Amino acid sequence: MKTAVLAALVGSAAAFAPASSDVFFPINFTHQSGRTATGLAAEKSAAIPFLPNPENCEGYVGNVGFDPLGVSNYFPTDYLREAELKHGRMCQLAWLGYVAVDMGMRVPGYPEAMSGATSATVHDAAVEYGALGNIFVWIAIAEMTSWIGVSQMLQGSGRKPGDFGFGKKFLDGKTEAQIERLELQEITHCRLAMMAFSGVVTQSVLYDTSFPYF
């Protein structure tokens, strides 16, 4: 009787087991002899040593193997690099603009109704004034225009991620090594700017104060 009950339990558990262990584990644990060797031989990420190195990121300037969620396994890496550069460039401008406004700087023709707003409170002031819709239209135009180049890149045009032809005159006469160094500097500043902008927004809201936000 006990044997029959045990067999029934094992059968029930087997019904809920995955069809293959490879669904959850990249290493095949069913072969005991190669388990350790396979695990040790797998190349690890430089940024996160306990995770595998994201192979799809190889060859990109600034790659340090940081892809903990494995996003590069599901989306084209050119598209991901395009997004990284785009957001990084935006955050460099955004950090500068955020701080400039909180230091009292205003562009000529700035609406009087919004002049007293800080960077943290300008959203509500822009909504009340009716400027946010106008801003949205201009951003939408920029997005639609830039997508033409991105779409062509994804179809194999040979365009490099983030290349809109701006400032390329500064690259004339430079070697490949010098150009790669400039690209590394840009992607490094982009990553720093994304962290910096997140930090400055958080700090200004938490402390409810102007620059330097503490």
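As the structure is a computational prediction, the values presented were derived from the model and not from experiment.
Between K86 and E143 there is a salt bridge, since at least one side-chain N of the basic residue sits less than 4.0 Å from a carboxylate O of the acidic one. In this structure, R159 pairs ionically with E82, as a charged nitrogen and a carboxylate oxygen lie closer than 4.0 Å.
The shortest side-chain heavy-atom distance between L154 and P76 falls under the 4.5 Å cut-off. Side-chain contact between M105 and V99 is absent, with no heavy atoms from C-beta onward closer than 4.5 Å. For the pair L132/F136, no side-chain contact is recorded, criterion being any heavy-atom separation below 4.5 Å from C-beta on. Within the 4.5 Å cutoff, the side chain of F66 has no heavy atoms near those of the P54 side chain.
Taking all atoms of both residues into account, the shortest heavy-atom contact from V101 to R106 is O-NH1, 2.9 Å. In plain terms, the two heavy atoms of V205 and A120 that are nearest each other are CG2-CB, 4.3 Å. G97 approaches S119 most closely through the heavy-atom pair O-OG, 4.3 Å.
With a 6.0 Å radius and a threshold of 12 heavy atoms from other residues, nucleotides or ligands, Y207 has its OH atom at or below the threshold. A 6.0 Å sphere centred on OH of Y129 holds no more than 12 heavy atoms belonging to other residues, nucleotides or ligands. By the neighbour-count criterion of 12 heavy atoms within 6.0 Å, atom CD of Q185 is densely surrounded, having more than that number from other residues, nucleotides or ligands. When the shell of 6.0 Å around CZ of R181 is examined, it contains 12 or fewer heavy atoms from other residues, nucleotides or ligands. Heavy-atom contacts from other residues, nucleotides or ligands closer than 6.0 Å to OH of Y110 number more than 12.
Counting only N and O atoms by type, the side chains of N73 and E55 include no donor and acceptor under 3.5 Å apart. Defined by atom type and a distance below 3.5 Å, a donor-acceptor pair is missing between the side-chain atoms of T202 and Y213. Residues D67 and S72 have side chains that bring a donor and an acceptor to within less than 3.5 angstrom of each other.
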Evaluation steps, salt bridge (charged side-chain N to carboxylate O under 4.0 Å, His left out), between K160 and D78: CA-CA 8 Å; K160 294 182 67 174; D78 278 352; over 6 Å; no

Evaluation steps, side-chain contact (heavy atoms from CB on, under 4.5 Å), between F214 and T209: CA-CA 7 Å; F214 58 79; T209 186; 5.8 Å; no

Chi angles and distances behind the side-chain contact (heavy atoms from CB on, under 4.5 Å) call for V61, E186: CA-CA 10 Å; V61 174; E186 181 183 27; over 6 Å; no

side-chain contact (heavy atoms from CB on, under 4.5 Å) between E128 and D124, intermediate numbers included: CA-CA 6 Å; E128 186 176 348; D124 292 345; over 6 Å; no

Steps toward side-chain contact (heavy atoms from CB on, under 4.5 Å) verdict (Q92, C190): CA-CA 7 Å; Q92 289 178 73; C190 282; 3.4 Å; yes

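M153 and Y60 fall into different hydrophobic clusters, where Ile, Leu, Val, Met, Phe, Trp and Tyr are joined by side-chain heavy atoms under 4.5 Å apart, directly or via other members. W95 and L192 fall into different hydrophobic clusters, defined by Ile, Leu, Val, Met, Phe, Trp and Tyr side-chain heavy atoms under 4.5 Å apart, directly or through other members. With hydrophobic clusters built from ILVMFWY side chains whose heavy atoms lie under 4.5 angstrom apart, F75 shares a cluster with L69.
Between the side chain of Q178 and the main chain of T175, a donor-acceptor pair closer than 3.5 Å is present. Although no hydrogens or angles enter the test, the distance criterion places a donor-acceptor pair under 3.5 Å between the side chain of T188 and the main chain of L184. Under the 3.5 Å distance criterion, the side-chain polar atoms of S151 are left unmatched by any main-chain donor or acceptor of I148. In terms of modelled atom types and a separation under 3.5 Å, the side chain of R89 and the main chain of G162 share a donor-acceptor contact. For the pair R81 (side chain) and L85 (backbone), a donor-acceptor distance under 3.5 Å is absent. No donor-acceptor distance shorter than 3.5 angstrom exists from the side chain of N53 to the backbone of E43, with no hydrogens or angles considered.
Every side-chain contact (heavy atoms from CB on, under 4.5 Å) that W138 has, sequence neighbours left out, goes to N134, I141. Applying the side-chain hydrogen bond (donor to acceptor under 3.5 Å, both in side chains) rule to S146 yields no partners; only residues at least two apart in sequence or on another chain are considered. N63 is linked by a side-chain hydrogen bond (donor to acceptor under 3.5 Å, both in side chains) to nothing, counting only residues two or more places apart in sequence or in another chain.
N56 CG to Y74 OH: the interatomic distance, rounded to the nearest 0.5 Å, is 11.0 Å. Here S45 contributes atom OG and F50 contributes atom CZ; the two are 8.5 Å apart, rounded to the nearest 0.5 Å. Atom-to-atom distance recorded for T118:OG1 and D102:CG is 5.5 Å, nearest 0.5 angstrom. For the atom pair F197 CZ and M90 CE, the distance stands at 8.5 Å (nearest 0.5 Å). Atom CG in L51 sits 7.5 Å away from atom NZ in K44 (nearest 0.5 Å). Rounding to the nearest 0.5 Å gives a distance of 5.0 Å between CD of E176 and CD1 of I179.
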